[in-house]
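See below for the structure under consideration.
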Amino acid sequence: MYVAPSLLSADFLNLKDEIVKVCEAGADLLHIDVMDGHFVPNLTFGPCVLKDISKISSVPLDIHLMVENVPFFVDLFLPLKPKFISFHIEAEKHPIRLCEYIRKHGVGAGIVLNPHTPISSIIHLLEFSDLVLLMSVNPGFGGQSFLNLVYDKIKELRKLVDSKNLKLFIEVDGGVNGLNASDLDEAGADILVAGSYIFSSNDYKNSINSLKLEF
Ligand code: DX5
Ligand code: ZN
């Protein structure tokens, strides 16, 4: 299991220390939530902050766009060469074109589904994407409760990915913690995003290891 700590729950007054600590504690990716105040009712990191974050992170960035004007934000962040840029399928009219565009720049293309959006809506997109991020909370804020409905969606997607022999990661985001990690693993998740669970703990290594199911 790969673990992507979500910086949204970090101590912003000590951002550099937090990034260094979480990278040293075994993070595989650094999950960055970009919000525009329109697609979700919150605002977070912009391009200046992300540029500096990318300079000090020793693990690749995993950028989760919660925005309406997706191509505009994709262009802002492609130069940072993150591992993935993921956008919400609910926000983009031409997702195949955008996935191809992201990939053309050597970055992994990710599709995000809100909790209510069915897997069937992205069947024709799977071959164009490198990652599917399943939201297990309504996006916009950290520290919300996990929605159990995501288990069936992970299983359905896992089956599809395996049957089509696709090389695609399944990532889960929202309310992930040490109690649901093994069920998420069993359902077929490859990457777990966790914000409050990791950053509110006093031992980042321990909490990351518990999500990796290594004790
Ligand atoms: C929510 C964000 C998440 C958030 C997760 O919209 O996409 O990445 O930071 O936070 P926790 O793990 O606290 O639910
Ligand atoms: Zn996220």
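Computed from heavy atoms alone, side chains included, the values below leave out hydrogens, waters and symmetry copies. Numbering of ligands and ligand atoms starts at 1, following listing order.
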Check: E18/Y204 side-chain N/O donor and acceptor closer than 3.5 Å: yes

N/O donor-acceptor pair under 3.5 Å between E90 side chain and L113 backbone: no

Heteroatoms of the protein, restricted to N/O/S, which lie under 2.8 Å from the Zn ion (ligand 2): H31 NE2, D33 OD1, H64 ND1, D173 OD2

Between F77 and F84, ring centroids under 6.0 Å: no

Near ligand 1, at a heavy-atom separation below 4.0 Å: residues by chain and residue number: S6, L8, H31, D33, H64, M66, M135, P139, G140, F141, G142, G143, D173, G174, G175, V193, A194, G195, S196

K83 bridged to D28 by N-O distance under 4.0 Å: no

Flag side-chain contact, heavy atom, 4.5 Å: L7 against T44: no

Kindly list each side-chain donor-acceptor pair under 3.5 angstrom involving residues 125-150, sequence neighbours excluded, with atom names and distances?
| residue | atom | partner | partner atom | Å |
| --- | --- | --- | --- | --- |
| S129 | OG | L125 | O | 3.1 |
| S129 | OG | L126 | O | 3.3 |
| D130 | OD1 | R103 | NE | 3.4 |
| D130 | OD1 | R103 | NH2 | 3.1 |
| D130 | OD2 | R103 | NE | 3.1 |
| D130 | OD2 | A109 | N | 2.8 |
| S136 | OG | D173 | O | 3.0 |
| S136 | OG | G174 | O | 2.7 |
| Q144 | NE2 | N138 | O | 2.8 |
| Q144 | NE2 | F141 | O | 3.0 |

Side-chain donor-acceptor pair present, H31, D33, cut-off under 3.5 Å: yes

Hydrophobic cluster of V40, others only, ordered by chain and residue number, side-chain cut-off 4.5 Å: L8, M35, F39, M66

Test item: side-chain donor near acceptor, Y197 and N180, under 3.5 Å: no

